[in-house]
2 protein chains.
Amino acid sequence: MVQKNSKPPSAAKPLAAKAPAAPKRRGRPRAYEPDVALGKALDLFRRDGFAATSLDDLSAATGMNRPSLYGAFGDKRALYIKSYQRYRDEARAAMVDIFGAEAPLRQRLERIYKIALDIYLSGDSGPRGCFTVMTAASEAVSDPDIRAMVLEGLVGLDKAFAFCFRVAKERGELPGDADATALAHLASATIHTIAIRARARVPRKDLEAIVKGAMDVMCAAAAPPK
Amino acid sequence: MVQKNSKPPSAAKPLAAKAPAAPKRRGRPRAYEPDVALGKALDLFRRDGFAATSLDDLSAATGMNRPSLYGAFGDKRALYIKSYQRYRDEARAAMVDIFGAEAPLRQRLERIYKIALDIYLSGDSGPRGCFTVMTAASEAVSDPDIRAMVLEGLVGLDKAFAFCFRVAKERGELPGDADATALAHLASATIHTIAIRARARVPRKDLEAIVKGAMDVMCAAAAPPK
DNA sequence: ATTTTTTTGTACCATTTCGCATGAAATCCC
DNA sequence: GGGATTTCATGCGAAATGGTACAAAAAAAT
């Protein structure tokens with residue numbers, strides 16, 4: 001029941017850093033690091049989904065006993081939501097720089113998909129896929145709050161890609177009549193398809209081939225076939 | 001505990017129709033129609049996934065009590081697999097004619113996506129998405145047999161689309177240097193993305209717009225921009 | 001009518017699940 | 001040190017879960 005792997009989560013609260021070192025809390029010190037515990041919970045939820053992940057599993061994985069879990073995160077649903085928020089924050093953080101970068105379109109796409117593959121294929125017990133896709137496909141999507149988060153994640157990705165393609169058009173990397181929105185949806189669809197295939201244990205090499213083919217088509221308008 | 005909605009499943013065993021009417025079984029007649037029961041089970045699994053669907057739910061939905069369920073289909077996992085097989089059979093049957101049709105590429109794609117949307121958006125309690133995607137995203141994918149089925153479903157769709165695009169190339173609807181495999185993966189990806197978005201309750205109109213944009217891009221090579 | 005065969009319906013079992021109550025433990029403040 | 005405060009750890013309990021035993025029921029075969 002002791003937390004191993006207490007790697008500092010790199011940035012618990014990057015902004016408005018109150019209490020940077022030791023806030024000197026009053027009672028018994030907690031035996032867990034909320035951030036790493038949430039990470040473990042996220043890992044479990046990603047692997048097994050909401051319903052198939054029990055509090056016992058979560059307790060074992062986080063090193064927290066059930067009452068501590070409950071006190072720290074609330075009930076299972078709340079923990080799931082917090083896990084999902086953390087996932088989105090991390091994924092967004094990993095991609096936001098690239099989406100806003102100055103590099104040419106093709107290069108940005110390559111970087112985005114590389115990160116996506118890294119995220120989807122990591123995991124000790126098999127590839128983990130995309131949590132947004134997992135959640136959308138699970139029964140959790142019947143929960144309006146969770147569904148709203150899924151929708152937000154989906155359109156957020158669409159918008160980021162659309163921004164990319166719009167910038168590329170302005171730079172002349174794509175012809176003026178290219179449909180940035182349609183290309184963005186295709187780019188998102190490629191994200192989704194590799195997330196799904198990763199879960200089915202399609203090897204990375206194959207996924208990379210799919211990504212490459214998709215990029216070729218999406219960037220094709222840049223170099224008209226004739 | 002009585003099965004309503006005993007609509008004839010249109011074709012229980014279309015081929016090799018043994019015992020067409022009354023095989024005169026020997027014991028007490030069963031109070032359920034295996035085909036409609038399996039359909040109900042499929043509906044439940046599609047809505048809630050494997051883990052969140054209990055035998056009580058299945059029993060209530062099928063009108064069969066638990067021992068009958070067990071006797072007819074085996075345990076929960078076996079029932080899930082049978083449900084998935086049925087789904088795949090139906091989806092394949094709905095699409096196979098179109099994939100092999102003589103119509104021009106664009107028209108065939110339109111028809112395929114129309115059917116996909118019909119499948120994914122139907123359901124009394126919300127859109128149901130694609131069972132293959134659902135299964136891939138669920139914990140059921142850790143089961144090797146189920147994973148193999150998922151993989152088969154994914155590559156089956158890829159191949160069907162690839163065939164479409166290859167035929168289109170031969171007919172001159174696409175330039176000779178078009179990458180049929182890459183286009184097929186994009187076509188599958190479009191299927192996947194609308195399945196996911198349907199679960200998030202994106203309205204049909206929006207999904208149709210996504211499909212249209214994707215088709216425009218995929219068929220773009222047919223009419224080179226210049 | 002009796003037997004045989006198949007299915008139904010009820011009830012049950014062992015296990016798991018989620019959530020919480022309760023008391024012990026560890027730390028800070030005085 | 002004593003009290004206050006926060007957390008840990010054990011474990012309970014009610015409900016749900018997957019699966020099954022067993023007898024009654026319904027039909028055909030004899």
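Letters go in sequence order (proteins before strands), and every chain restarts at 1.
In this model, the phosphate group of dG18(D) is not approached by any side-chain N or O of Tyr70(B) to a distance below 4.0 Å at OP1 or OP2. For Arg26(B) and dA27(D), the shortest distance from a side-chain N or O to OP1 or OP2 is not below 4.0 Å. Distances shorter than 4.0 Å separate none of the side-chain N or O atoms of Arg28(A) from OP1 or OP2 on dC8(D). Distances shorter than 4.0 Å separate none of the side-chain N or O atoms of Ser68(B) from OP1 or OP2 on dT7(C).
One side chain, Ser125(B) or Arg47(B), offers a donor N or O that lies under 3.5 Å from an acceptor on the other.
Residue Leu55(B) contributes atom CG, which lies 4 Å from atom P of dG18(D) at whole-angstrom precision. One can place CE of Met64(A) at 11 Å from P of dA9(D), the figure rounded to the nearest angstrom. Following rounding to the nearest Å, Asp56(A) (CG) and dT16(C) (P) show an atom-to-atom distance of 9 Å. Rounded to an integer number of Å, the gap from Asn65(A) CG to dT10(D) C1' is 9 Å. The interatomic distance linking Asp75(A) (CG) with dC20(C) (P) rounds to 8 Å, in whole Å. Between the C1' atom of dA16(D) and the CZ atom of Arg66(B) lies a distance of 10 Å, rounded to the nearest Å. The distance between atom CG of Leu58(A) and atom C1' of dT17(C), rounded to the nearest whole Å, is 12 Å. Rounded to whole Å, atom C1' of dT16(C) lies 12 Å from atom NZ of Lys76(B).
Taking the centre of each ring, Tyr80(B) and Phe131(B) come in below the 6.0 Å mark.
A residue-by-residue look at Pro29(A) and Ser54(A) shows that Ser54(A) has its nearest nucleotide of DNA chain C further toward the 5' end. Two residues, Arg30(A) and Ala51(B), neighbour DNA chain D, and the one matched to the more 5' nucleotide by heavy-atom proximity is Arg30(A). In this structure, Thr53(A) and Gly27(A) both approach DNA chain C, and ranking their closest nucleotides by distance from the 5' end singles out Thr53(A).
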Practice task
Could you please spell out the steps behind the salt bridge (charged side-chain N to carboxylate O under 4.0 Å, His left out) verdict for Arg204(B) and Asp118(B)?
Solution key: CA-CA 9 Å; Arg204(B) 179 169 192 131; Asp118(B) 288 344; 2.8 Å; yes

Practice task
Determine, stepwise, if the pair Phe45(A) / Tyr84(A) fulfils ring pair (Phe, Tyr, Trp, His ring centres under 6.0 Å).
Solution key: CA-CA 9 Å; Phe45(A) 278 133; Tyr84(A) 185 27; over 10 Å; no

Exercise for the section: Map every base of DNA chain C to its dot-bracket character, where paired means a Watson-Crick or G-U wobble contact with both distances under 3.5 Å and | marks a partner outside the strand. Expected result: ||||||||||||||||||||||||||||||

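Applying the salt bridge (Lys or Arg N to Asp or Glu O under 4.0 Å) test between Arg66(A) and each of Asp75(A), Asp56(A), Asp57(A) identifies Asp56(A) as the sole match.
Here the CG atom belonging to Leu154(A) is positioned 7.0 Å from the OG1 atom belonging to Thr193(B), to the nearest 0.5 angstrom.
Counting heavy atoms from C-beta outward, Met215(A) and Ile210(A) have side chains that stay 4.5 Å or more apart.
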